[in-house]
Amino acid sequence: MSIKSKIKSECPLLYQLYKILTDIKDAQKIKSAENKFYSLADWQIRQLDSELYFKAQGKVLDWNHLLTYTEKMQWAKLYDKDPRKVILSDKYAVRAWVSETIGEEYLIPLIGVWDKYEDINFKVLPEQFVMKTNHGSNDVVIVRSKSKLSLAQKIEMRRKITNSLKRDYGSIYCELHYGKIPAKIIAEKFLDSGETDLQDYKFLCFSGKPYFCWVDIGRYTKHKRNVYDLNWNLQDWNQFTYGNTEYEIEKPKNFDQMIGLVEKLSRGFSHVRVDLYNIDGKIYFGEMTFTNGSGFEKIIPPSADLMLGNLWDIDTKSNSEDSTKKLERDTK
């Protein structure tokens with residue numbers, strides 16, 4: 001156990017004080033980085049994205065010859081200006097669209113939405129709930145027993161949510177559409193599956209058609225991921241280094257219904273990942289993701305990265321050629 005982990009376990013309040021101090025220090029660096037990002041010219045943002053891609057993937061991007069899934073993702077982040085991406089990536093605003101497209105019954109019941117953490121009246125919140133921001137990533141707070149929260153846990157929850165609320169996620173990995181989402185805090189009903197974590201069914205869709213469903217297990221404990229085709233055959237490829245579960249995952253009995261819903265939600269988009277939950281046959285909408293892993297998480301093996309890229313029908317020549325000439329001219 002590391003020193004930080006030991007302090008967090010044995011002296012939780014002291015650890016939270018330490019984190020508050022580091023948050024203050026980090027906030028200045030983060031804001032400075034965000035301001036710098038939005039002062040960049042378009043060609044400089046693309047150069048930054050190329051550098052981030054090389055750091056993550058170990059490959060140099062040829063913007064005039066993008067073939068793989070993760071390569072095409074970089075083009076989509078910078079040049080796909082579809083305004084729907086902003087609305088549908090907003091975990092709050094997307095609810096109206098989902099309700100209209102497949103029905104309100106597939107939405108996780110909403111408990112509340114706030115602009116500031118100080119606006120939340122915790123006294124009226126139920127004993128169990130899930131809290132997160134509508135624009136963030138990895139900021140989910142799962143409260144299984146509100147009355148049993150320690151002071152340290154309350155401080156940690158406030159820290160996590162407020163820090164995420166202030167972040168501009170569009171500037172971190174050049175996912176420009178996230179920077180246009182008005183940040184809010186939302187709380188939803190806690191979905192109890194009887195397990196430690198929910199099974200998350202993530203469908204990779206191209207041109208309105210789902211091709212693969214990966215199932216995330218133990219996302220907040222020991223993260224594993226199984227990738228299946230639509231006939232529920234386990235695939236020999238994966239994203240990142242999660243690895244497969246040691247046991248077989250049962251195909252949902254209403255899997256065909258899930259596919260039908262995903263087809264409706266993905267219609268009209270060259271690529272999107274649609275996430276669903278399925279608890280005892282009850283299907284819930286999770287989220288829409290247009291820049292899965294920002295294209296920085298490796299698809300293993302590389303042949304699968306190319307296979308997915310071949311499914312993605314986008315014209316990566318538009319916009320990129322002019323930008324390449326400008327990049328070459330400005331860096332001479």
Side-chain angles (χ1 to χ4, degrees), residues 88 91-92 94-113 124-132 134 137-149 186-205 209-235 238-239 242-267 272-289 292:
L88 303 188
K91 298 179 183 69
Y92 176 63
V94 71
R95 295 176 61 89
W97 183 81
V98 170
S99 179
E100 179 181 342
T101 305
I102 61 173
E104 186 179 0
E105 65 269 26
Y106 296 104
L107 292 172
I108 300 174
L110 183 68
I111 297 172
V113 56
V124 302
L125 294 184
E127 183 70 2
Q128 295 182 318
F129 58 89
V130 174
M131 186 174 289
K132 57 190 173 184
N134 65 322
S137 177
N138 296 319
D139 63 357
V140 176
V141 175
I142 300 173
V143 177
R144 298 175 184 272
S145 180
K146 182 182 70 171
S147 60
K148 294 181 180 179
L149 287 175
I186 59 175
E188 296 175 331
K189 178 183 177 180
F190 172 77
L191 301 180
D192 191 357
S193 65
E195 304 292 337
T196 304
D197 290 317
L198 290 176
Q199 288 188 179
D200 200 350
Y201 299 86
K202 300 174 181 291
F203 292 82
L204 284 187
C205 307
K209 179 181 178 181
Y211 282 85
F212 299 99
C213 172
W214 73 49
V215 188
D216 278 8
I217 303 291
R219 186 174 179 182
Y220 304 108
T221 51
K222 295 181 180 179
H223 198 163
K224 297 290 184 180
R225 171 176 293 162
N226 289 6
V227 181
Y228 297 95
D229 64 16
L230 297 192
N231 292 317
W232 210 251
N233 296 308
L234 183 65
Q235 302 298 286
N238 212 318
Q239 177 174 295
Y242 300 116
N244 295 145
T245 60
E246 294 79 16
Y247 54 89
E248 293 184 7
I249 298 176
E250 184 178 351
K251 176 183 176 180
K253 294 180 180 179
N254 55 351
F255 190 62
D256 288 343
Q257 183 185 358
M258 296 175 74
I259 292 174
L261 294 173
V262 169
E263 287 175 342
K264 291 180 180 180
L265 293 170
S266 64
R267 189 174 298 153
V272 66
R273 196 193 78 209
V274 180
D275 298 359
L276 300 178
Y277 299 108
N278 194 329
I279 302 174
D280 296 328
K282 172 64 176 174
I283 301 171
Y284 293 97
F285 170 80
E287 63 179 86
M288 304 272 283
T289 302
N292 167 40

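Not measured: the values here are computed from a predicted model. Counting from 1, the numbers follow the sequence of the chain as shown.
Leu198 CG to Ile279 CD1: the interatomic distance, rounded to the nearest 0.5 Å, is 5.0 Å. Of the inter-residue distances, the one linking Tyr106 atom OH with Lys282 atom NZ reads 7.0 Å to the nearest 0.5 angstrom. Atom CD1 of Ile283 is separated from atom OH of Tyr277 by 14.0 Å, given to the nearest 0.5 angstrom.
The side-chain heavy atoms of Lys224 and Tyr247, taken from C-beta on, include no pair separated by under 4.5 Å. Between Asp216 and Tyr242 the shortest side-chain heavy-atom distance does not fall below 4.5 Å.
Listed for the Glu287 side chain is no donor-acceptor partner under 3.5 Å among the backbone atoms of Phe285. Remark: side-chain polar atoms of Glu127 are paired, donor with acceptor, to backbone N or O of Ser147 under 3.5 angstrom.
Aromatic ring pairs are classed by plane angle as parallel below 30°, tilted from 30° to 60° and perpendicular above 60°; the pair Tyr201 and Trp232 is tilted.
Enclosure of atom CD in Glu105 by more than 12 non-hydrogen atoms of other residues, nucleotides or ligands within 6.0 angstrom is indicated.
Under a 4.0 Å N-O distance rule, the pair Asp139/Lys132 does not qualify as a salt bridge. A salt bridge links Arg95 with Glu188: the closest approach of a Lys/Arg side-chain nitrogen to an acidic carboxylate oxygen falls below 4.0 angstrom.
Just one of Ile217, Ile249, Asn238 meets the side chain to side chain contact (heavy atoms under 4.5 Å, CB included) condition when paired with Asn226; it is Ile249.
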